[in-house]
Number of protein chains: 2
Amino acid sequence: MTATTSSTSGTASRPGGRSAKVRAAVHRAVQVVVSEDSLDVLTIPVIAARAGVHATTVYRRWGTVGDLLADVATSRFTGDLVVPDTGSLRGDLERYAFDLAKDLGDPDTLALVRATIGTGGEQGAAACRGERERGLDAILERERARGGQPPALEHTTDGVLAPLYYRAVFTDLPLTTEWARDLVARLLPDDDA
Amino acid sequence: MTATTSSTSGTASRPGGRSAKVRAAVHRAVQVVVSEDSLDVLTIPVIAARAGVHATTVYRRWGTVGDLLADVATSRFTGDLVVPDTGSLRGDLERYAFDLAKDLGDPDTLALVRATIGTGGEQGAAACRGERERGLDAILERERARGGQPPALEHTTDGVLAPLYYRAVFTDLPLTTEWARDLVARLLPDDDA
DNA sequence: GCACAAACGCAGCGATCACTGCAATCCAAA
DNA sequence: TTTGGATTGCAGTGATCGCTGCGTTTGTGC
């Protein structure tokens, strides 16, 4: 409740401390509940019980299920996506798309995304993007440093990120690697290999 | 909209009857609550109170907030989107994109989409797509009848639908008409006007 | 006009939720 | 080791939720 956003991990993030363990346990519990159970039991007491923590703790540190989901989504979608470096723009983008497709194709991840969008509000939805666009920008920047002329970040987002998210969230179509490769192929001109 | 009669409104869809009025009132109440209040008060009693209906009625007809949201989203996103017919593929797609951008740009609509994704599960997310892809397919089919060679439905979905939904749901960027026009321009080859 | 079925309103039940003082515990610094 | 601040556990409260019989009203067919 005390500025959930910044200070959630603020005073309680000394690695190895009890706070950090509680935080990790709660995060795991959220993922488990979101994945296994129905969405209508996604409540603080249930999560706390799954985490082996008292509900009071969760109420005090996060306050709302929405804030908790946004926090989980933030730490889930930031930092674990390594920016590929294959040497070519096309290779980087394809690798990027494959990784993202694999990630969003995971039912657990998808359930977390959907729940976070619904309950986490505006910042929850933003947390689901995480650092994806930053990673994309890094790829384009590297190509620029190589002397190439990559498409704009906006075009790349529209052409690669958006279809992956849309198909994952709104449809039940599979996120195949062939389709992901097509997305990159349609974005880049066909002249180079 | 005649399709909706099959499931939820089955016995209660005689136009003008009391059931239909209750249904409409509840649907309006859902939209109001989703738009104005926080998402955590999106509960049957609150919706029923807003609609001037007893909660028992809502429990019996819909059962769950998720089912109710899916029903609202279904009737909201099916039938109200007229397929444009401007005479050219580009004109049709641009008009389609403009309409969709305007629709998804509405905060109330967006709130409904987000809530439905979160609470309505798989079918809720599918309901948010509604008949959009069918409308897109109609546009492409008309171009095909004209003798043209429009892009595949999958490509059009990835190039127009997906970016619109992604930007609306996951970002706070505005859905401008210029950007929507760009989406169509990037999808179609530049040779024709 | 009458009877029948469906839908709705009403009151109340158990269960759960969100939240709050107070005590105990833990971690870090002196 | 001791001290101080912060975090967590505990028990309890009011409020709300989801749901269920029962009576009433509405709309339709005879």
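A note on names: the letters A, B, ... follow the listed sequences, proteins ahead of strands, and every chain is numbered from 1.
A search for salt bridge (charged side-chain N to carboxylate O under 4.0 Å, His left out) contacts involving Arg95(B) returns nothing, not counting sequence neighbours. Considering only residues two or more places apart in sequence or on other chains, Asp137(B) meets the salt bridge (charged side-chain N to carboxylate O under 4.0 Å, His left out) condition with none of them. Residues meeting the side-chain hydrogen bond (donor to acceptor under 3.5 Å, both in side chains) test with Thr56(B), sequence neighbours left out: none. By the salt bridge (charged side-chain N to carboxylate O under 4.0 Å, His left out) test, Arg144(A) pairs with Glu141(A), sequence neighbours left out. Not counting sequence neighbours, the partners of Tyr166(B) by the ring-ring contact (aromatic ring centres under 6.0 Å, His included) test are Tyr165(A), Phe170(B). A search for salt bridge (charged side-chain N to carboxylate O under 4.0 Å, His left out) contacts involving Asp158(A) returns Arg186(B), not counting sequence neighbours.
For residues 106-115 of chain A, the salt bridge (charged side-chain N to carboxylate O under 4.0 Å, His left out) pairs, not counting sequence neighbours, are Arg114(A)-Glu122(B). Residue pairs meeting the salt bridge (charged side-chain N to carboxylate O under 4.0 Å, His left out) criterion with at least one partner in residues 164-181 of chain B, sequence neighbours excluded, are Glu154(A)-Arg167(B), Glu94(B)-Arg181(B). Pairs passing the salt bridge (charged side-chain N to carboxylate O under 4.0 Å, His left out) check and including a residue from residues 39-53 of chain B, sequence neighbours excluded, read Glu36(B)-Arg50(B), Asp37(B)-Arg50(B).
For the residue pair Arg76(A) and Thr109(A), a side-chain donor N or O sits within less than 3.5 Å of a side-chain acceptor on the partner.
If you take CG of Leu39(B) and C1' of dA18(C), they are 17 Å apart, rounded to a whole angstrom. A straight line from NZ of Lys21(B) to C1' of dG9(C) spans 17 Å, rounded to a whole angstrom. Atom pair Asp40(A):CG and dT16(C):P shows a separation of 13 Å (rounding to whole Å applied).
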*Quick one, give me the B/S/- string for nucleotides 13-18 of chain D, reading 5' to 3', where B means a protein heavy atom under 4.0 Å from the base and S means that only happens at the primed atoms, P, OP1 or OP2.*
----SB

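The phosphate of dA6(D) has neither OP1 nor OP2 within less than 4.0 Å of any side-chain N or O from Arg60(A).
Across its full length, the helix from dG1(C)-dC30(D) to dA30(C)-dT1(D) shows an angle of 30° between the axes of its 5 terminal pairs at either end, rounded to 10 degrees.
Contact check of residues 47-56 of chain A against DNA chain D (heavy atom, cut-off under 4.0 Å) returns Val53(A), His54(A), Thr56(A).
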